[in-house]
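Data block below; observations after.
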Amino acid sequence: MKSRQNGLTAALTGLAPAIWGSTYLVATELLPPDRPFLATTMRALPGGLFLLALGQKLPAGIWWWRALVLGVLNIGAFNFLLFVAAYRLPGGIAAMIMSAQPMFVVILAALFLGDRIRGVHALACAMGAGGVVLLVFKGAASLDTVGVLAAGGGALCMASGITLTKRWSRPEGVSLLTFTGWQLTSGGLVLLPFWLSLEDLPDGLTGSNVIGFAYLITLGAVLSYIIWFRGIERLPAVAVSFLALGSPLVATLLGYLVKDQTLSVLQIVGVVVIFLAIVLGQPRPPRPKPEETPSAPPRTTDSHLPDHPVLEQERSG
């Protein structure tokens, strides 16, 4: 039963990175160009304020700074670096670099959560990275240094956010919606002054821009992060990190479906390898303990039994 519950939780949690896999397409096709701060702030802040209004509960005590740290790692810094990488690198190259994230979680979980580094996790990390290379690599490509650093920093932010969210968990008496609202709001507020000071406002919003922002706020932030934080609560941190490999899968499939791109044999192999890596990264059901053979009751002798009435009569004469 526990194994089945973990499987269902993993499947639901995997919807979040599947939604995030569409970020590359939305950013390049629907949003105003070269405005990563605008895209990230609009993705996080409106949805966070909406969830705060629903929950009507603010952080207290130590959770003021914890919510800020988690908001920066999980939302603000991660999404900003993701958009920078999406704007400055081909989507495939960005996904390749981001695939290092499970390896970071394996190391951080061992340091901060006491999780044991298992050989199967090392194998899954190698398979995941190799599968992403097969999936998205298309020969020589010019690499932008800022874009590469942004993708690597985004992977480290996500790994740190998963680990700390698991370590600190959700405070007692706080709903999952409110907990998600804290992080979306704090991440958006941290980015707000950078957006206002470093980027100018677009001349106007097109219908495509409105659709893109609406998608990012509802599915790309509110729904997906609620699902994601629920998964972190219920699954091991390492297992959650491997689910994030579904993002480049979806990005590639969307390119195939929307942009009429073709899938080569190597890309199909990459899809299979990534899927196997995700499965390997999930918790294994515990092995059933061998059943102990019940010890036989001590053998009794006639001397321990009450005398039979017939025998008693024979003895009495």
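All residue numbers in this chain count up from 1 along the given sequence. Computed from a prediction, not measured in an experiment: that's the story for all the values here.
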N6 versus T9, side-chain donor and acceptor atoms under 3.5 Å:
no
Specify the closest pair of heavy atoms between P193 and S197, including all atoms of both residues, with the distance to one decimal.
O-OG, 2.7 Å
State, yes or no, whether a side-chain contact exists between E199 and D34 at a heavy-atom distance under 4.5 Å.
no
Treating Q282 as the side-chain partner and V279 as the backbone partner, does any N or O pair qualify as donor plus acceptor under 3.5 Å?
no
Is there a path from L235 to M158 through hydrophobic residues (I, L, V, M, F, W, Y) whose side chains come within less than 4.5 Å of each other?
yes
Donor-acceptor pair, side chain of R43 and main chain of G220, under 3.5 angstrom:
yes
With clusters defined by side-chain heavy atoms of hydrophobic residues (ILVMFWY) lying less than 4.5 Å apart, directly or transitively, does M127 cluster with V272?
yes
Quick check: closest heavy atoms across G76 and T40, and the distance to 0.1 Å?
O-CG2, 3.8 Å
The ring pair (Phe, Tyr, Trp, His ring centres under 6.0 Å) partners of F112 (sequence neighbours excluded) come to none
What are the two closest non-hydrogen atoms of T163 and L113, and how far apart are they?
O-CD2, 3.9 Å
Residue list, side chain to side chain contact (heavy atoms under 4.5 Å, CB included) with I232, at least two apart or on another chain
I162, T165, K166, W228, F229, V240
State plainly whether one hydrophobic cluster holds both F194 and L192, where clusters connect Ile, Leu, Val, Met, Phe, Trp and Tyr through side-chain heavy atoms under 4.5 angstrom apart.
yes
Walk me through it: do L216 and L31 pass the test side-chain contact (heavy atoms from CB on, under 4.5 Å)?
CA-CA 10 Å; L216 289 181; L31 299 185; 3.5 Å; yes
Contact between S186 and I75 at the side-chain level, heavy atoms closer than 4.5 Å - yes or no?
no
For residues V258 and L25, determine if any side-chain heavy atom of one lies less than 4.5 Å from a side-chain heavy atom of the other.
yes
In short, L135 meets P248 closest at the heavy-atom pair CD2-O, 3.5 Å
Apart from L8 itself, what residues make up its hydrophobic cluster when side-chain heavy atoms of I, L, V, M, F, W and Y under 4.5 Å apart count as a link, directly or indirectly?
none
Could I get the full list of side chain to side chain contact (heavy atoms under 4.5 Å, CB included) partners for R66, not counting sequence neighbours?
I62, W63, W168
Close side-chain approach of P202 to R35, heavy-atom, < 4.5 Å
yes
Quick check: does any side chain N or O of K57 sit under 3.5 Å from a backbone N or O of G173, one acting as donor and the other as acceptor?
yes
Ring pair (Phe, Tyr, Trp, His ring centres under 6.0 Å) against F78, all qualifying residues, sequence neighbours excluded
none
Distance from I227 atom CD1 to L12 atom CG, nearest 0.5 Å?
5.0 Å
Can you name the ring pair (Phe, Tyr, Trp, His ring centres under 6.0 Å) partners of F50, sequence neighbours left out?
none
Same cluster or not: L123 versus F275, using hydrophobic residues (I, L, V, M, F, W, Y) connected whenever any side-chain heavy atoms lie under 4.5 Å apart?
no
Using the side chain to side chain donor-acceptor pair (under 3.5 Å) rule, collect all pairs that involve residues 94-107, keeping only residues at least two apart or in two chains.
none
Suppose clustering is done on Ile, Leu, Val, Met, Phe, Trp and Tyr with side-chain heavy atoms closer than 4.5 Å. Which residues sit in the same group as L149?
none
Under 3.5 Å, side chain of S224 to main-chain N/O of A16, donor-acceptor pair present?
no
Keeping to residues at least two apart or across chains, list the side chain to side chain donor-acceptor pair (under 3.5 Å) pairs with something in residues 104-128.
none
What one should report as the nearest heavy-atom pair of G246 and I278 is N-CD1, 4.1 Å
Quick one: ring pair (Phe, Tyr, Trp, His ring centres under 6.0 Å) partners of W64, sequence neighbours excluded?
none
Are side-chain heavy atoms of L201 and W195 found at a separation under 4.5 Å?
yes
Would you confirm whether T185, through its side chain, and L45, through its main-chain N or O, come within 3.5 Å as a donor-acceptor pair?
no
Are any of the side-chain heavy atoms of L245 and P102 separated by less than 4.5 Å?
yes
Distance (rounded to the nearest 0.5 Å) between Q183 CD and N74 CG
5.0 Å
Atom CD1 in I211, atom CG in L30: separation rounded to 0.5 Å?
7.0 Å
I need the F104 CZ to S241 OG distance, nearest 0.5 Å.
11.5 Å
Do S175 and T178 have side-chain N/O donor and acceptor atoms under 3.5 Å apart?
yes
Linking I/L/V/M/F/W/Y whenever any side-chain heavy atoms sit under 4.5 Å apart, do M42 and L191 land together?
yes
Closest non-hydrogen contact found for A150 with V84 is CB-CG1, 3.7 Å
Pairwise side-chain contact, L134 with Q267, heavy-atom cut-off 4.5 Å (strictly under):
no
Would you check if F242 and P236 make a side-chain contact, meaning some heavy-atom pair closer than 4.5 Å?
no
Under the side chain to side chain contact (heavy atoms under 4.5 Å, CB included) test, which residues partner A77, sequence neighbours left out?
V72, C157
Residue list, side chain to side chain contact (heavy atoms under 4.5 Å, CB included) with Y215, at least two apart or on another chain
I19, S22, V26, L219
To the nearest 0.5 Å, tell me how far N209 CG sits from T206 OG1.
3.0 Å
Using ring pair (Phe, Tyr, Trp, His ring centres under 6.0 Å) as the criterion, point out the one residue from W20, F179, W182 that pairs with Y225.
W20
Taking atom CG of L177 and atom CG of L54, what is their separation to the nearest 0.5 Å?
6.5 Å
